[in-house]
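The next block holds one structure in the form of structure tokens; read it before the comments.
As the structure is a prediction and not an experimental result, all values here were calculated from the model.
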Amino acid sequence: MADRKPDAPHKPAPDPGSAPGSDPGSGMATGPRTGPDAGPGPDTDAPPGPDPLTVPSMSAGPDFVLRPWEMSDLPLVREAAQDPYIPLITTIPPRYSDQAAEAFVRRQWDRAATGAGYPFAIVRSRDRRPVGAIGLWLRDLPEGRASIGYWMVPYGRGQGVTRAALRTVTGWALRDLGIPRLQLFIEPWNTASARIAVDVGYRHEGLLRGWQQVGDERRDMAVYGLLNSDGPVDGRAVTAH
């Protein structure tokens, strides 16, 4: 469910402070990066790549925050790797090792550094424990749309966390970034995720047969969409930029 590669027509929002299923995870201008400088040298004719994105920190209700990924989040990667479903639909390593987990976190940093999207860790405020991830992916932004994906480890489920995180990222993407259309791809059996999407304001738009490889098979995905012109999100008006 990871969506990658933008050429963003909207300027990323400034970092307001120290601040969804797919492969959400965070690269950022505020964190370390690995690998060589991806920009073209002065003697090449290649066009410049997308600008790096700054992943902000944002409140997701009174008890949780969304923030860039950190190396301190390796316990979250370990817990997600033990889930029977998360490694099938994300790049979470199916067999945990510190090396594989560190590589996962660096991939999140690289996604923002290359303009692919905004990966967030979902963190409980009172003890800073990470419980899940959500990402806004910009691969199709030149066509006026972006997608959101999220996952939650068992410890974070059943507390309204996913709903709060999705509402937060959705409102930010529509209002602050001015993205015309957001979409989610959810397996038809996943009624809990579908209910959350509808609660936030997404509309079920149809079924995409054999849309995505999940494990060893191609599976159908239900698509849910929300337009910038559809109305308020979380009680606040949305205005297209």
Side-chain angles (χ1 to χ4, degrees), residues 1-6 20-25 60-61 64 66 80 83-92 94 108 111 116-122 131-154 156-175 177 179-234 238 240:
M1 299 182 236
D3 287 332
R4 306 177 172 116
K5 195 184 118 213
S22 62
D23 187 9
F64 294 88
L66 311 179
D83 187 89
Y85 188 62
I86 293 174
L88 294 180
I89 58 169
T90 73
T91 59
I92 284 285
Q108 311 320 307
R111 288 173 178 177
Y118 294 92
F120 297 92
I122 305 170
V131 297
I134 188 166
L136 173 67
W137 308 119
L138 307 179
R139 178 181 61 191
D140 295 325
L141 194 55
E143 285 75 45
R145 59 182 179 265
S147 62
I148 296 178
Y150 46 84
W151 52 261
M152 191 73 53
V153 296
R157 296 171 190 167
Q159 305 174 53
V161 186
T162 306
R163 184 177 287 99
L166 179 59
R167 182 176 290 117
T168 298
V169 174
T170 296
W172 175 67
L174 295 176
R175 261 191 322 268
L177 302 185
I179 297 174
R181 171 184 166 85
L182 299 176
Q183 52 196 18
L184 304 171
F185 301 97
I186 301 172
E187 288 203 66
W189 61 262
N190 195 344
T191 56
S193 283
R195 185 168 57 250
I196 289 169
V198 171
D199 286 350
V200 173
Y202 288 81
R203 302 180 187 180
H204 179 226
E205 296 179 336
L207 182 70
L208 302 170
R209 296 183 301 149
W211 178 255
Q212 183 170 328
Q213 188 76 21
V214 178
D216 296 330
E217 60 182 314
R218 295 201 66 82
R219 296 189 185 176
D220 299 344
M221 290 287 167
V223 59
Y224 292 78
L226 180 61
L227 304 183
N228 201 302
S229 57
D230 279 344
V233 175
D234 198 19
V238 175

> Looking only at heavy atoms, which two atoms of Pro119 and Arg111 are closest? And how far apart?
Replying inline: CG-CB, 4.1 Å
>> Working to the nearest 0.5 angstrom, can you tell me the gap between Leu182 CG and Leu136 CG?
In response: 6.5 Å
> With sequence neighbours excluded, what pairs up with Arg157 under the side-chain contact (heavy atoms from CB on, under 4.5 Å) test?
Replying inline: Asp83, Ile86, Met152, Pro154
>> Return the OH to CD1 distance between Tyr150 and Ile122, rounded to the nearest 0.5 Å.
In response: 10.0 Å
> Do Val200 and Arg163 come within less than 4.5 Å of each other through their side chains, counting heavy atoms only?
Replying inline: yes
>> Give me the atom names and distance for the closest heavy-atom approach of Pro87 to Pro94.
In response: CB-CA, 3.9 Å
>> Holding to salt bridge (Lys or Arg N to Asp or Glu O under 4.0 Å), I want the full list of residues that pass it with Arg203, two or more places apart in sequence or in another chain.
In response: Asp230
> Taking only residues two or more places apart in sequence or in another chain, which ones pass side-chain contact (heavy atoms from CB on, under 4.5 Å) with Pro188?
Replying inline: Leu207, Asp220
> Can you name the closest pair of heavy atoms from Leu166 and Ala197 and give their distance?
Replying inline: CD2-CA, 4.0 Å
>> Can you list everything that forms a side-chain contact (heavy atoms from CB on, under 4.5 Å) with Ala194? Sequence neighbours excluded, please.
In response: Tyr224
> Looking only at heavy atoms, what is the nearest atom pair of Leu208 and Val223, with distance?
Replying inline: CD1-CB, 4.1 Å
>> Under the rule for side chain to side chain donor-acceptor pair (under 3.5 Å), what residues qualify as partners of Trp189, not counting sequence neighbours?
In response: Glu187
> To the nearest 0.5 Å, what is the distance between OH (Tyr202) and CD1 (Ile186)?
Replying inline: 9.5 Å
>> With rounding to the nearest 0.5 angstrom, report the CD to CD1 distance, Gln212 to Ile89.
In response: 7.5 Å
> Which pair of heavy atoms, one from Leu138 and one from Ile179, lies closest together, and at what distance?
Replying inline: CD2-CD1, 4.1 Å
> What's the spacing between Phe64 CZ and Thr168 OG1 if we round to 0.5 Å?
Replying inline: 11.5 Å
>> Would you compute the distance between atom CD1 of Ile196 and atom CG of Asn190 and round it to the nearest 0.5 angstrom?
In response: 8.0 Å
>> Can you list everything that forms a side-chain contact (heavy atoms from CB on, under 4.5 Å) with Glu217? Sequence neighbours excluded, please.
In response: Arg219
>> Go through it in stages, so that I can follow the logic: the residues are Tyr118 and Val169, the test is side chain to side chain contact (heavy atoms under 4.5 Å, CB included), and I'd like the CA-CA distance, side-chain angles, deciding distance and then a yes or no.
In response: CA-CA 10 Å; Tyr118 294 92; Val169 174; over 6 Å; no
